[in-house]
Structure formats: C-alpha cells, structure tokens
J.: 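Would you mind keeping the following structure in view while I ask a few things?
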Amino acid sequence: KPGAKRQFRIWRGDADGGDLRDYTVEVNEGEVVLDVIHRLQATDAPDLACRWNCKAGKCGSCSMEINGMPKLGCMTRMSTFEENETITVTPLRTFPVIRDLVTDVSFNYEKARETPAFAPPADLAPGDYRMQQVDVERSQEFRKCIECFLCQNVCHVIRDHDENKQAFSGPRYFIRAAELDMHPLDTRTDRKDYAQTEQGLGFCNITKCCTEVCPEHIKITDNGIIPMKERVVDRRYDPLVWLGSKIFRR
Ligand code: SF4
Ligand code: F3S
Ligand code: FES
C-alpha cells in the first residue's frame, strides 16, 4: 500500500554505548531500506548517522546489518519483508562503532596496506607488460569487489574474536591474494605462501559465510580461498616449482 506505515528498530549510540530505538515510518512502493533511513533523517531522526554514496550497490558504503544479516542498505528492498515485520537495523558488528550505523572500518585499510603490491619482473618496463586474455579473465571476478566489507564483517574468525584481527587479513584480502596469484606477471611474491604465513589463511575453516553475503556474488571461498589453500606439497620445499607454475601456467 502506498504510504503505509512500517515499524523500524534502529541502533542509536556511539563508542560509549547505545540502544535500539523504535520508529514508525512511511514506506512507498519500490523503496529500499536506505530510502527509509533517508526519510527518517528528514523527519523523526535528523541526527541519525549513516554512510552512503551511490545508492546503486557500487560504492560499498551503506553496509549495515538488517535483521542481523550483513547487507547493503541500498540494495535491500522493503518488499522482501513481511508487512507487519519490525525491521531491525544495526551497525556492522565486527568493527568499532563511531556513531549510529557508521563504523570505523580502518582495520580493512590496514590489511590492504600490509598486502604486498603487484610486483612484475624487475627487468620488465611498464608499457611492456603483456598478458593473454585468458589470464585477464581469470582474475576478473575478484576485481568486481566494491569493498563493502560485508564478508570481513561476517567472518566468524574475527566477528566474535577481536584478538584474531592482528593475525587474520580476512576474505577480502584472500581474494586480493588469489587475484595476484593468478596474474602471470606477479612473479616476485609467492602469494600462497604469503597468505598462509602472513595473512592467516589457516584460520579460515571454509564456513563460506563470506561468499553468502557478497553483494557482487564473488565466489570467495570456492574460487579464491580454496585454490589458495591447495598447495602442491613439493612446492613448500622447492621455490623453483612455484616459479615454474607462474611461467608455464598457460
Ligand atoms: Fe564486499 Fe564481496 Fe568485496 Fe567482500 S568480496 S568486500 S563482500 S564485494
Ligand atoms: Fe571466514 Fe569465509 Fe573462511 S567466512 S572462515 S573467510 S570461508
Ligand atoms: Fe553505494 Fe549502497 S550507497 S553501495
């Protein structure tokens, strides 16, 4: 029904604490949760803090938990809920709250900085990079990542275990490693070895929750994590085998 009133329960607070508050708000045909948050900001809750940017599922800013599920607010249609259902909206649980629905996601930027950058052979000048289309396509799936950090938020390794954060980079950075591992010119870092020894890949026990929440439908576990976990036993003892796998991979 156009203009129907719906019940929302939204977490309000900051780093010192907070609580869930109830709101009754108008919802119209075709709206998403972010529309409703914007309406609340225009009416009952002008100081409600929420991060967003594109409203098209492409900037990765509007990550939140809706009825306990990590989601993009701009891609969650109101029509997916029952009419009499109270919709609960809370900030991402794995990262520290700044205010209301806005969290401090700098953990992810730190992990990004720690990941060694793409490193082609030293004697290869920029402009002389050549790679086959098949190699470009192989890593394309991982490049769709919008850095919404929903996968990072849902992974149980850090969700309830803050102490694991230091040793665990998380699914978003495992697929970054996988992407570079598939790159034929990234010859100076053994990405599998790095993932295992530095990124904490061993903590992942393949629960696949990360894959389930990815709004870009990246097969994080099957196409990224599992291939990175698969090591040829010999490789551990023979770096030449690894280099060979780069040079002769196609
Ligand atoms: Fe978001 Fe998917 Fe990228 Fe994780 S891999 S940050 S869930 S887009
Ligand atoms: Fe975490 Fe995904 Fe592994 S949710 S445990 S990184 S499969
Ligand atoms: Fe950009 Fe939702 S506002 S992904």
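Remember, it's 1-based here, ligands and their atoms both numbered in the order they're listed.
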J.: Using a strict 4.0 Å cut-off to heavy atoms of Ile206, name the atoms of ligand 2 that fall inside it.
T.: 3 (Fe), 7 (S)
J.: Counting each atom of ligand 2 from 1 as listed, which ones have a heavy atom of Thr221 under 4.0 Å away?
T.: 7 (S)
J.: What I'd like to find out is whether the side chain of Glu212 reaches to under 4.5 Å of the side chain of Val154, using heavy atoms alone.
T.: no
J.: Which is it for Phe149 and Tyr109 under the ring pair (Phe, Tyr, Trp, His ring centres under 6.0 Å) test, yes or no, and what are the steps along the way?
T.: CA-CA 10 Å; Phe149 306 132; Tyr109 301 125; 5.7 Å; yes
J.: Looking at Glu179 and Arg143, is any side-chain nitrogen of the basic one under 4.0 Å from a carboxylate oxygen of the acidic one?
T.: yes
J.: So, does Tyr23 use its side chain to make a donor-acceptor pair with the main chain of Ile37 at under 3.5 Å?
T.: no
J.: Looking only at protein heavy atoms, identify the closest one to atom 4 (S) of ligand 2 and say how far it is in Å.
T.: Cys210 N, 3.3 Å
J.: Please list the nearest protein heavy atom to atom 2 (Fe) of ligand 1 with its residue and the distance rounded to 0.1 Å.
T.: Cys214 SG, 2.4 Å
J.: What atoms of ligand 2 come within less than 4.0 Å of a heavy atom belonging to Ile225?
T.: 6 (S)
J.: Where is the nearest protein heavy atom to atom 3 (Fe) of ligand 2: which residue, which atom, and how far?
T.: Cys204 SG, 2.3 Å
J.: Ligand 1 versus Gln152, non-hydrogen atoms closer than 4.0 Å: side chain, backbone, both, neither?
T.: neither
J.: By number and element, which atoms of ligand 1 are closer than 4.0 Å to a non-hydrogen atom of Arg172?
T.: 6 (S)
J.: In ligand 2, which numbered atoms sit nearer than 4.0 Å to a non-hydrogen atom of His156?
T.: 5 (S)
J.: Of all the non-hydrogen atoms in the protein, which one sits nearest to atom 4 (Fe) of ligand 1, and at what distance?
T.: Cys151 SG, 2.3 Å
J.: Considering only the protein, which heavy-atom contact is closest to atom 7 (S) of ligand 2, and what is its distance?
T.: Lys208 N, 3.2 Å
J.: Any idea which heavy atoms bring Ala45 and Arg12 closest together, and the distance?
T.: CB-NH1, 3.7 Å
J.: Identify, by atom number and element, the atoms of ligand 3 in contact range of Lys58, meaning under 4.0 Å from any of its heavy atoms.
T.: 4 (S)
J.: Against Asp162, only a single residue in Arg159, Gln166, Lys165 fulfils side chain to side chain donor-acceptor pair (under 3.5 Å); can you say which?
T.: Lys165
J.: If the contact criterion is a heavy-atom separation under 4.0 Å, does Ile220 count as touching ligand 1?
T.: yes
J.: For ligand 3, which atoms, with element, lie under 4.0 Å from some heavy atom of Cys59?
T.: 1 (Fe), 3 (S), 4 (S)
J.: Could you tell me, atom by atom, which parts of ligand 2 come under 4.0 Å of a heavy atom of Thr207?
T.: 4 (S), 5 (S), 7 (S)
J.: Which heavy atom of the protein is the closest neighbour of atom 3 (Fe) of ligand 1, given with residue, atom name and distance?
T.: Cys145 SG, 2.3 Å
J.: Please name the residue in the list Tyr129, Phe118, Phe142 that meets the ring-ring contact (aromatic ring centres under 6.0 Å, His included) test with His183.
T.: Phe118
J.: Mark up the atoms of ligand 2 that fall under 4.0 Å of a heavy atom belonging to Asn205, in ascending order.
T.: 5 (S)
J.: Using a strict 4.0 Å cut-off to heavy atoms of Cys155, name the atoms of ligand 2 that fall inside it.
T.: 1 (Fe), 4 (S), 5 (S), 6 (S)
J.: Nearest protein heavy-atom contact for atom 4 (S) of ligand 3: which residue, which atom, what distance?
T.: Gly60 N, 3.3 Å
J.: Looking only at protein heavy atoms, identify the closest one to atom 1 (Fe) of ligand 1 and say how far it is in Å.
T.: Cys148 SG, 2.3 Å
J.: So which heavy atom in the protein is nearest atom 8 (S) of ligand 1, and how far is it from that ligand atom?
T.: Ile146 N, 3.4 Å
J.: Of all the atoms in ligand 3, which lie at a distance below 4.0 Å from a heavy atom belonging to Cys74?
T.: 2 (Fe), 3 (S), 4 (S)
J.: Sub-3.5 Å donor-acceptor pair from the side chain of Glu65 to the main-chain atoms of Thr90, do we have one?
T.: no
J.: How far is atom 6 (S) of ligand 1 from the closest protein heavy atom, and which atom is that?
T.: Phe149 N, 3.3 Å
J.: Could you identify the single nearest non-hydrogen protein atom to atom 3 (S) of ligand 3 and state the distance to 0.1 Å?
T.: Lys55 N, 3.1 Å
J.: Inspect the contact between Glu216 and Lys58 and indicate whether a charged nitrogen and a carboxylate oxygen are less than 4.0 angstrom apart.
T.: yes
